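We name chains A, B, ... by the order of the sequence lines, and we start the count at 1 in each one. Remember, it's a predicted structure, so these values are computed and weren't measured experimentally.
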2 protein chains.
Amino acid sequence: MEKNIKRRNTHQRKVILEILRSTDIHPTADWIYERARQVIPNISLGTVYRNLKILKDEGLILELNDGKQSRFDGRIDQHFHFKCINCNSIYDIDNKQIINVEYNDLQKEGYQIRSFDVIFSGICPKCNGNQN
Amino acid sequence: MEKNIKRRNTHQRKVILEILRSTDIHPTADWIYERARQVIPNISLGTVYRNLKILKDEGLILELNDGKQSRFDGRIDQHFHFKCINCNSIYDIDNKQIINVEYNDLQKEGYQIRSFDVIFSGICPKCNGNQN
DNA sequence: TCTTAAATAATAACTATTATTATATAATTA
DNA sequence: TAATTATATAATAATAGTTATTATTTAAGA
C-alpha cells in the first residue's frame, strides 16, 4: 500500500472505526459491514475491507485471525487473546502481569520487535461444561 | 471431524508428516503438496489438506496462520514464533526463558487452557538493513 | 467556487480451502 | 491367503473470504 498518500477523512472510514471501537467481540469484516449498513445503507463490503486495511496500516486497529476469517480489534494497547476452540470466540485477556516477556536476547540476534501477541487456546468459561 | 474413527495409516499421510518434520519454514499446504508430488506424483492437493487436518486433530502438528494462508508446523514442543512483516517468514523462537506465563488466574476465571503461542512481529535479521 | 486526486459503490475476479464422488486400498475377518 | 468392508484417494466442482476493476462521487486544497 502507498505510504505517502494524501488520505481523505471519509465518512465511511470514521463510521467503520467507530463501530470497531464500540465492541470487544473482535468482529469479522462482514459483521462490521452489517453494522455500517445501518448508518450508511449503500456502503459496499469492498469499502469496509479497504478501510480496515488502511486503519491497520495506520496502526489504529489490529488484525487477528480465526483460522479462516480475519477479525479486527479496535484496542491497540498491549493486551492478549484467548481463542475458544469450541465456539471460536476471541476474548481479551487483560491480566498483563501473567506474562513476562524479556526480549533483549532476540534483539541482540538481529530481530527488530514491533509488537507481540499471546494467544491462548482452549475452552472458554461459557462453553466450559456444555460442550457439543 | 469424527473422533472415534478407525484411521488407516496411509502412505500419503506418512509422506506428508515426514515432509513437514523435515523443515522449519512453517510451509503452506501448497508447498507441502509440491514436495509430496516428488514422492507421489499423482497425489491430490485435497489429500494434503485432509491429512493436515487429521494430523492437527491428532495433535501431531500445529496450524499457524499467516493472514491469508494456513501454515503448518511439525514441531509440537513448546516454542514461539516471530513473523517478519517485511518478508512474511515465520521463525521459531526457542529461548523459552524469555517468556514467563502464569495463567492460574485465567483458570480460576473458567478458562481451560490447552496451549498458547507467543507471536512476535517485526523485522527479521535477514531483512534488517535491506528493506524495500 | 474550481480543481484534482483519492474514495466510493457495484460488481467481477481471484484464491485458499472444502465438498463430492467414483475408485482404490489398508486392515480386518474368514 | 482370499474375501470383505469401510476408510482414503484422485479428480474435480463448489464455496467463501478477500481483492481488483472501473465509472462516478467527493473531500480538501487553491
Out of [options], whichever nucleotide has its closest atom nearest the side chain of [X]:
| X | options | result |
| --- | --- | --- |
| A/Arg8 | C/dA6, C/dT17, D/dA6 | C/dA6 |
| A/Ser44 | C/dA9, D/dA8, C/dT17 | C/dA9 |
| B/Lys6 | C/dT28, D/dT18, C/dA5 | C/dT28 |
| B/Gln69 | C/dA9, C/dT17, D/dA11 | C/dT17 |
| B/Ser70 | C/dA9, C/dT17, C/dT28 | C/dT17 |

### Task
Classify the nucleic acid contact of B/Asn9 as base, sugar-phosphate or nothing, counting any heavy atom under 4.0 Å across all strands shown.
sugar-phosphate
### Query
Checking all strands, does A/Thr28 fall into the base, sugar-phosphate, or nothing category for heavy-atom contacts under 4.0 angstrom?
nothing
#### Entry: Heavy atoms of other groups near A/Glu58 CD, more than 12 under 6.0 Å
yes
### Task
Please check if atom CD in A/Glu109 has more than 12 non-hydrogen atoms from other residues, nucleotides or ligands closer than 6.0 Å.
yes
### Query
Taking all atoms of both residues into account, what is the closest heavy-atom pair of B/Gln78 and B/Phe116, and its distance?
NE2-O, 3.4 Å
What's the [atom1]-[atom2] distance between [X] and [N], to the nearest Å?
| X | N | atom1 | atom2 | value |
| --- | --- | --- | --- | --- |
| B/Ile16 | D/dA8 | CD1 | P | 12 Å |
| A/Lys14 | C/dA6 | NZ | C1' | 15 Å |
| B/Ile32 | C/dA16 | CD1 | C1' | 14 Å |
| B/Glu34 | C/dA16 | CD | P | 12 Å |
| A/Leu45 | D/dA20 | CG | C1' | 13 Å |
| A/Ile54 | D/dT18 | CD1 | C1' | 15 Å |
| A/Asp30 | D/dT18 | CG | P | 9 Å |
| B/Tyr33 | C/dT17 | OH | C1' | 14 Å |

Can a side chain N or O of [X] be found less than 4.0 Å away from OP1 or OP2 on [N]?
| X | N | value |
| --- | --- | --- |
| B/Lys53 | C/dT18 | yes |
| A/Tyr49 | D/dT19 | no |
| A/Asn51 | C/dT8 | yes |
| B/Thr10 | C/dA26 | no |

### Message
Both B/His11 and B/Arg71 contact DNA chain C. Taking the nearest nucleotide for each, which residue is further toward the 5' end?
### Response
B/Arg71
### Query
Which sits closer to the 5' end of DNA chain C, A/Lys68 or A/Arg13, going by the nucleotide each is nearest to?
A/Arg13
### Task
State yes or no: do B/Val48 and B/Leu55 share one hydrophobic cluster built from I, L, V, M, F, W and Y residues joined by side-chain heavy-atom distances below 4.5 Å, directly or via other members?
yes
### Message
Before you tell me yes or no, could you show the steps for B/Val118 and B/His81 under side chain to side chain contact (heavy atoms under 4.5 Å, CB included), namely the whole-Å CA-CA distance, both residues' side-chain angles and the distance that decides it to 0.1 Å?
### Response
CA-CA 6 Å; B/Val118 180; B/His81 295 104; over 6 Å; no
### Query
Hey, is the side chain of A/Arg50 pairing donor to acceptor with the base of D/dT19 inside 3.5 Å?
no
### Query
Considering heavy-atom distances to DNA chain D, does B/Gly67 or B/Gln12 have its closest nucleotide positioned more toward the 5' end?
B/Gln12
### Message
Taking B/Thr47's backbone N and O only, do any of them form a donor-acceptor pair with B/Asn51's side chain (distance below 3.5 Å, no angle check)?
### Response
yes
